Amino acid sequence: MEGEKKSLAVSDVGAWAMNVVSSVGIIMVNKQLMSANGYAFSYATTLTGFHFAVTALVGMISNATGFSASKHIPLWELLWFSIVANMSITGMNLSLMLNSVGFYQISKLSMIPVVCVMEWILHSKQFTKEVKLAVVVVVIGVGVCTVTDVKVNAKGFICACVAVFSTSLQQISIGSLQKKYSVGSFELLSKTAPIQAVSLLLLGPIVDYYLSDNLVLDYKFTSGAVSFIVLSCSLAVFCNVSQYLCIGRFSAVSFQVLGHMKTVCVLTLGWLLFDSELTLKNIMGMGVAVIGMVIYSWAVEVEKHAHAHAKILTPHHVKNSLTEEEIRLLKEGIATAPPLVKDIELGRPT
């Protein structure tokens, strides 16, 4: 039993480590690929289509070789999920283009409370005071170290709202679909990736043309740019798999809260590798964010132990009340029972 817990803990850490490393790696690679000082490949939505195309190919190979099993999920569920996921990607790109970086960061931070509210509405999930406190600390910390100028307009605000809502719903749906159809993270990803790849490769160039006024077909693909695109797609496979894995193992809220460790890593690596400015304000914000993540991890563990203790004290086989059917049968049994012998007096003189 103790060995199983240790093995589970190691696999949990491995899932988080894969997500953090691959996410930070893909951000660094994309920064070089898409920046004007790099290869100026400014087609984010089309690039995401490439990501899902490679992920879908890996899933098909995995299913064909028997490495993973393919379970049935209704097509309408897959289509609905893919639409929500694509709205998330497109909304985020439009939000980044139309809003200031500061407001874009605020919209990303708002996903944590939005996910909490949606979990409460959709799944009646309750959160302890400790978890709520940790969420507030993380939001404040990441806000301090990332939010600078805040400018907003009507179009940008609408796009940000769509992006936040669809991203939150998508992340909650990942966990819900895995539980509903008893599928693993990679199995679900291999089902949704082909649909997302086809739709993004068809719509992506149109969205990117609107965002950048340039057609992806006009881009001059050099060997360096192609190498970075391939590297970005390879990291995207690990990033996508680890995202589904983490949300399936934990929750969308945990993924959002602990996922901001990536923000801290990106800021630090940007300072180390790209000479990005790192001020005292950034450092203080990162410190507060890390403290919030530690508090959140502790609060979740306390909640788990409390639930486990409650299960031990109230076994499932103990029934607290009778059902209506049981009460009816009991009444019928009393009505048809033979009359009891009355007025038996022992030792009465005759």
Side-chain angles (χ1 to χ4, degrees), residues 18-19 22-23 25-27 29-30 33-34 39 41-65 67-94 96 162-163 166-167 169-171 173-175 177-178 181 183-212 214-219 221 225-248:
M18 186 198 298
N19 184 255
S22 60
S23 297
I26 201 171
I27 290 171
V29 169
N30 288 351
L33 176 64
M34 302 178 76
Y39 294 99
F41 186 82
S42 57
Y43 309 98
T45 312
T46 304
L47 180 62
T48 307
F50 292 157
H51 290 169
F52 279 104
V54 174
T55 303
L57 180 62
V58 171
M60 290 169 64
I61 294 172
S62 178
N63 289 333
T65 55
F67 181 77
S68 61
S70 179
K71 293 184 179 180
H72 175 71
I73 300 175
L75 180 60
W76 73 268
E77 292 253 39
L78 297 175
L79 289 172
W80 173 82
F81 176 84
S82 299
I83 290 170
V84 172
N86 288 349
M87 284 176 63
S88 165
I89 294 164
T90 307
M92 279 296 179
N93 289 338
L94 289 171
L96 183 59
V162 170
S166 55
T167 303
L169 185 58
Q170 180 231 3
Q171 292 182 356
S173 299
I174 289 173
L177 287 173
Q178 288 187 49
Y181 295 103
V183 295
S185 54
F186 189 72
E187 294 166 357
L188 178 60
L189 181 60
S190 64
K191 291 281 188 182
T192 58
I195 300 173
Q196 287 188 254
V198 171
S199 56
L200 287 172
L201 288 175
L202 290 174
L203 298 175
I206 299 171
V207 175
D208 289 331
Y209 179 73
Y210 173 74
L211 293 173
S212 62
N214 293 311
L215 286 171
V216 67
L217 296 176
D218 295 334
Y219 181 78
F221 288 89
V226 171
S227 299
F228 268 81
I229 290 172
V230 171
L231 180 57
S232 179
C233 291
S234 302
L235 288 168
V237 174
F238 291 100
C239 190
N240 288 330
V241 171
S242 61
Q243 179 189 9
Y244 280 55
L245 194 62
C246 288
I247 294 176

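Computed from a prediction, not measured in an experiment: that's the story for all the values here. Only this structure's heavy atoms are used, side chains among them; waters, hydrogens and symmetry mates stay out.
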OH (Tyr219) with more than 12 external heavy atoms under 6.0 Å: yes
Pair listing, salt bridge (Lys or Arg N to Asp or Glu O under 4.0 Å) test, anchored in residues 75-89, at least two apart: Glu77-Lys180
Approximate separation, where rounding is to 0.5 Å, of Thr55 OG1 and Met60 CE: 13.0 Å
Separation between OG of Ser242 and CG of Leu235, rounded to the nearest 0.5 Å: 10.5 Å
Tyr43 side chain vs Met34 backbone, donor-acceptor pair below 3.5 Å: no
Residue Tyr209 excluded, over 12 heavy atoms near OH under 6.0 Å: no
Enclosure of Phe221 CZ (heavy-atom neighbours >12, cutoff 6.0 Å): yes
Side chain to side chain contact (heavy atoms under 4.5 Å, CB included) partners of Ser173, counting only residues at least two apart: Trp80, Phe81, Leu169
ring-ring contact (aromatic ring centres under 6.0 Å, His included) against Phe228, all qualifying residues, sequence neighbours excluded: Tyr39
Shortest non-hydrogen separation from Asn19 to Cys246 and the atoms involved: CB-SG, 4.1 Å
Closest heavy-atom pair and its distance - Ser166, Val84: O-CG1, 3.3 Å
Nearest heavy-atom neighbours spanning Gln196 and Ile89: NE2-CD1, 4.1 Å
Atom pair SG (Cys233) and CG (Leu231), whose distance is rounded to the nearest 0.5 Å: 9.0 Å
Asn93 and Tyr210: CA distance, side-chain angles, deciding distance, side chain to side chain contact (heavy atoms under 4.5 Å, CB included) verdict: CA-CA 11 Å; Asn93 289 338; Tyr210 173 74; over 6 Å; no
Heavy-atom pair of closest approach, residues Ala163 and Met92: CB-N, 3.6 Å
Distance (rounded to the nearest 0.5 Å) between Ile26 CD1 and Phe238 CZ: 11.5 Å
Ser234 side chain to Val230 backbone, donor-acceptor under 3.5 Å: yes
Phe52 side chain near Asn240 side chain, heavy-atom distance below 4.5 Å: yes
Thr45 vs Leu203, side chain to side chain contact (heavy atoms under 4.5 Å, CB included): CA-CA, chis, key distance, verdict: CA-CA 8 Å; Thr45 312; Leu203 298 175; over 6 Å; no
Heavy-atom pair of closest approach, residues Ser232 and Asn30: OG-OD1, 2.7 Å
Sub-4.5 Å side-chain heavy-atom contact between Leu177 and Val183: no
Distance (rounded to the nearest 0.5 Å) between Ile229 CD1 and Phe50 CZ: 6.0 Å
Minimum-distance pair of heavy atoms, taken over all atoms of His72 and Pro74: NE2-N, 3.9 Å
Residue that, paired with Leu189, satisfies side-chain contact (heavy atoms from CB on, under 4.5 Å) out of Leu245, Val241, Ile174: Val241
Whether Thr90 side chain and Met87 backbone form a donor-acceptor pair below 3.5 Å: no
Spacing of Ser82 atom OG and Lys191 atom NZ [to the nearest 0.5 Å]: 12.0 Å
Donor-acceptor contact present, side-chain Gln178 to main-chain Tyr244, <3.5 Å: yes
